[in-house]
Amino acid sequence: MASYSSIKLPVHLYRFLLRQCKKLPTEAQGYYKHLIRQSFNSHSDETEPERIQQIINRAIQDSDWVVSKYSRM
């Protein structure tokens, strides 16, 4: 498992998710990097700290799921 305690800001989450992509097969990395970039851009106007934390927590859960999905293949 990754260290999630250092993920406090959206930019930390962005870097973490891009590092998680390196754990995926090469053919899937481009898709997920694009998805991460699009999600980051679509949520860039969020200002409410509680909502930002919800987004961060959900993104971490989703990244764990995707990495475990590909590790079983």
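What you see below is based on every heavy atom in this structure, not just the backbone, and it leaves out hydrogens, waters and symmetry mates. The residues of the chain are indexed from 1 along the displayed sequence.
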key: Set of side chain to side chain contact (heavy atoms under 4.5 Å, CB included) partners for Glu27, sequence neighbours left out   = Pro25
message = Applying side chain to side chain donor-acceptor pair (under 3.5 Å), can you list everything that pairs with Gln29, at least two apart in sequence or on another chain?
response = none
remark   = Hits for side chain to side chain contact (heavy atoms under 4.5 Å, CB included) against Tyr31, two or more places apart or cross-chain, chain-then-number order -> Leu35
query = Does the Ser63 side chain pair with the main chain of Ile60, one donor and one acceptor, at a distance under 3.5 Å?
reply = yes
request  = Report yes if the side chains of His43 and Arg51 come closer than 4.5 Å at any heavy-atom pair, otherwise no.
outcome  = yes
query = If we only count heavy atoms from C-beta on, is the Trp65 to Tyr70 side-chain gap below 4.5 Å?
reply = no
request  = Any chance you could measure Ile36, atom CD1, to Lys33, atom NZ, to the nearest 0.5 Å?
outcome  = 8.5 Å
query = Residues two or more places apart in sequence or in another chain: which of them pass salt bridge (Lys or Arg N to Asp or Glu O under 4.0 Å) with Arg72?
reply = none
ask   = Under 3.5 Å, is there a donor-acceptor pair between the Gln61 and Asn57 side chains?
value = no
query = If we only count heavy atoms from C-beta on, is the Asp64 to Gln20 side-chain gap below 4.5 Å?
reply = yes
ask   = Which hydrophobic side chains are connected to Ile55, either touching it within the sub-4.5 Å cutoff or through other members that do?
value = none
What side-chain donor-acceptor pairs closer than 3.5 Å can you find for residues 10-18, not counting sequence neighbours?
| from | atom 1 | to | atom 2 | distance (Å) |
| --- | --- | --- | --- | --- |
| His12 | ND1 | Ser6 | O | 3.4 |
| His12 | ND1 | Leu9 | N | 3.4 |

